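Below you'll find the structure, written out as structure tokens, and then a few comments.
Keep in mind that what you see is a predicted model, and the values were worked out from it rather than measured. Letters A, B, ... are given to chains in the order of the sequence lines, protein chains preceding strands, and every chain is numbered from 1.
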There are 2 protein chains.
Amino acid sequence: MQNSKVAESIFSQHDHQHCIDQALAAAKELCRQRKSRLTPVRERVLELIWQSHLPLGAYQLLNQLSQEGFNSAPPTVYRALDFLLDHGLIHRIASLNAFIGCNCPQDQHHGYFLICRDCGSAQEIEAEEISSFLRQNASAAGFKVETETVELSGLCPQCQNRSQQDDQ
Amino acid sequence: MQNSKVAESIFSQHDHQHCIDQALAAAKELCRQRKSRLTPVRERVLELIWQSHLPLGAYQLLNQLSQEGFNSAPPTVYRALDFLLDHGLIHRIASLNAFIGCNCPQDQHHGYFLICRDCGSAQEIEAEEISSFLRQNASAAGFKVETETVELSGLCPQCQNRSQQDDQ
DNA sequence: TCCAAAACGCAATGTTATAACACAATTGTA
DNA sequence: TACAATTGTGTTATAACATTGCGTTTTGGA
């Protein structure tokens with residue numbers, strides 16, 4: 001992930017159509033460069049994932065696909081997800097068994113997530129420092145890290161405010 | 001987790017019976033203090049989990065239980081696991097859908113794991129610094145962390161050596 | 001001894017993910 | 001263009017993980 005780029009918080013108001021457009025444009029460009037085929041199912045799955053910042057489960061996606069006339073068997077969506085994962089276009093959130101769009105697929109990286117237990121949205125956060133910190137800790141035990149799963153669950157700023165108001 | 005106590009590496013040779021004995025003794029003492037009932041199924045599940053440092057899935061445990069004459073329906077093992085989780089006697093590893101014993105259930109804490117993709121064993125590592133580091137990162141985004149999932153997968157020291165030898 | 005809470009038995013079902021194999025579309029190459 | 005190899009998709013079945021609901025039993029305290 002680029003360190004120069006400070007990710008905009010998804011927890012505040014933002015022009016989400018911009019997120020979608022940017023993600024799809026980046027995906028197309030990436031696949032063009034890599035000579036990979038962003039087929040209709042794959043593109044549509046990516047689009048569906050980007051409809052919100054809520055991680056979506058495979059079967060939620062599958063339902064939507066089938067309503068749109070796509071083939072509705074599990075392998076269809078899992079194959080599309082595998083493709084998108086391989087290309088770094090999405091991340092899998094293990095603690096939710098769900099998938100979320102990645103907004104910087106150009107840079108190979110692990111996803112680090114802040115997941116709000118109230119509104120359900122997941123924000124990917126800056127990675128470099130976390131990664132090097134965790135790897136230092138691991139190497140102290142002689143362990144060579146290959147993949148990292150870091151998922152922090154709690155309350156996002158908006159939901160903290162909301163629950164304070166509810167208390168009054 | 002106690003900072004004074006440096007966890008012994010499970011990746012090296014060690015007296016595993018000692019791990020088991022200590023874990024069971026700690027569990028009994030904890031349940032006695034809390035007036036919670038460590039029933040036969042619960043104790044046996046804990047014991048089974050501690051047979052190795054490999055995270056075990058619910059259905060692996062269930063198979064073993066049924067071979068020993070326990071009731072073999074899923075709720076049996078999941079209820080036992082819930083009890084053990086509630087008391088901090090085990091941790092759940094989300095990226096594996098599996099469960100592993102905790103060697104310091106006295107201290108409430110999140111589990112941070114080094115998981116070897118080759119031999120499958122999982123080592124819980126020191127937590128305090130990681131936790132505060134991650135929480136700092138999160139609070140920079142105004143996020144209030146409640147639960148943490150940190151699972152690093154890769155190669156343990158022994159398996160690194162083995163794969164080097166294999167290369168020759 | 002009686003009651004309420006906790007634990008357990010049991011059947012069914014829900015949710016997530018993969019295997020295996022056949023067929024179709026696409027791409028590179030002669 | 002023709003052909004072979006690769007890649008992608010359709011389809012059926014099943015594996016793997018987890019929960020719901022309800023009734024019975026056990027347990028510990030009044």
- Message: Heavy atoms from C-beta onward define the side chain here; which of dT11(D), dC8(C), dG9(C) lies closest to that of V41(B)?
- Response: dC8(C)
- Message: A side-chain contact here means heavy atoms from C-beta on lying under 4.5 Å apart; do I49(B) and L81(B) qualify?
- Response: yes
Distances under 3.5 Å between nitrogen or oxygen atoms of protein and nucleotides 13-17 of chain C:
unit_1: dA17(C); atom_1: OP1; unit_2: R92(A); atom_2: NE; d: 3.4
unit_1: dA17(C); atom_1: OP1; unit_2: R92(A); atom_2: NH2; d: 2.1
unit_1: dA17(C); atom_1: OP2; unit_2: Y78(A); atom_2: OH; d: 3.0
unit_1: dA17(C); atom_1: O5'; unit_2: Y78(A); atom_2: OH; d: 3.3
unit_1: dA17(C); atom_1: N7; unit_2: Y59(A); atom_2: OH; d: 2.5
unit_1: dA17(C); atom_1: N6; unit_2: Y59(A); atom_2: OH; d: 3.3

- dC17(D) P sits how many Å from L56(B) CG, rounded? 11 Å
- Message: Would the distance check show the side chain of Q64(B) and the main-chain N or O of Q60(B) forming a donor-acceptor pair, the cut-off being under 3.5 Å?
- Response: no
If you look only at distance, which donor and acceptor atoms sit under 3.5 Å apart when one is on a side chain in residues 82-101 of chain A and the other is two or more places apart or in another chain?
unit_1: H87(A); atom_1: ND1; unit_2: R34(A); atom_2: NH1; d: 3.1
unit_1: H87(A); atom_1: NE2; unit_2: S36(A); atom_2: OG; d: 3.2
unit_1: H91(A); atom_1: NE2; unit_2: H109(A); atom_2: NE2; d: 3.2
unit_1: H91(A); atom_1: NE2; unit_2: E124(A); atom_2: OE2; d: 3.2
unit_1: R92(A); atom_1: NH2; unit_2: N97(A); atom_2: OD1; d: 3.0
unit_1: S95(A); atom_1: OG; unit_2: E151(A); atom_2: OE1; d: 2.5

- Task: Nearest whole angstrom, please: distance from the C1' of dA18(D) to the CG of L81(B).
- Result: 11 Å
- Item | Separation of dT7(D) P from L38(A) CG (nearest whole Å) | 17 Å
- Report, as a single string ordered 5' to 3', how protein heavy atoms within less than 4.0 Å touch nucleotides 21-30 of chain D: B base, S sugar-phosphate only, - not at all. ------S---
- Task: Output all residues satisfying ring-ring contact (aromatic ring centres under 6.0 Å, His included) with F143(A), sequence neighbours left out; order by chain, then residue number.
- Result: F11(B)
- Query: How close or far is atom P of dT9(D) from atom CD of E43(A), stated in whole angstroms?
  - Reply: 12 Å
- Check side-chain hydrogen bond (donor to acceptor under 3.5 Å, both in side chains) between Q158(B) and all other residues, then give those that pass, not counting sequence neighbours. none
- Query: Taking five pairs at each end, how big is the angle between the two axes of the helix from dT1(C)-dA30(D) to dA30(C)-dT1(D), to 10°?
  - Reply: 30°
- Query: DNA chain D: S36(A) or A73(B), which has the more 5' nearest nucleotide?
  - Reply: S36(A)
- Message: For a quick test of reading the model: is some side-chain N or O of T76(B) closer than 4.0 Å to OP1 or OP2 of dC10(C)?
- Response: no
Output side-chain donor-acceptor pairs under 3.5 Å for residues 68-78 of chain A, partner residues at least two apart or in another chain, one line each.
unit_1: E68(A); atom_1: OE1; unit_2: R44(A); atom_2: NE; d: 2.7
unit_1: E68(A); atom_1: OE2; unit_2: R44(A); atom_2: NE; d: 3.3
unit_1: E68(A); atom_1: OE2; unit_2: R44(A); atom_2: NH2; d: 2.8
unit_1: N71(A); atom_1: ND2; unit_2: T76(A); atom_2: OG1; d: 2.7
unit_1: T76(A); atom_1: OG1; unit_2: A73(A); atom_2: O; d: 3.3

- L62(A) CG to dT9(D) P: how many Å, rounded? 14 Å
- salt bridge (Lys or Arg N to Asp or Glu O under 4.0 Å) against R79(B), all qualifying residues, sequence neighbours excluded: none
- Message: Strictly by ring-ring contact (aromatic ring centres under 6.0 Å, His included), give each pair with a member in residues 26-45 of chain A just once, sequence neighbours left out.
- Response: none
- Between H87(B) (NE2) and dA6(C) (P), how many Å, whole number? 12 Å
- Results of salt bridge (Lys or Arg N to Asp or Glu O under 4.0 Å) for K144(A) - residues two or more places apart only: none
- Separation of dG9(C) atom C1' from N71(B) atom CG, nearest Å, is 5 Å
- Query: Rounded to the Å, how far apart are D82(B) CG and dT20(D) C1'?
  - Reply: 13 Å
- Go through the structure and list residues passing ring-ring contact (aromatic ring centres under 6.0 Å, His included) with Y59(A), not counting sequence neighbours. none
- All salt bridge (Lys or Arg N to Asp or Glu O under 4.0 Å) counterparts of D21(B), not counting sequence neighbours: none
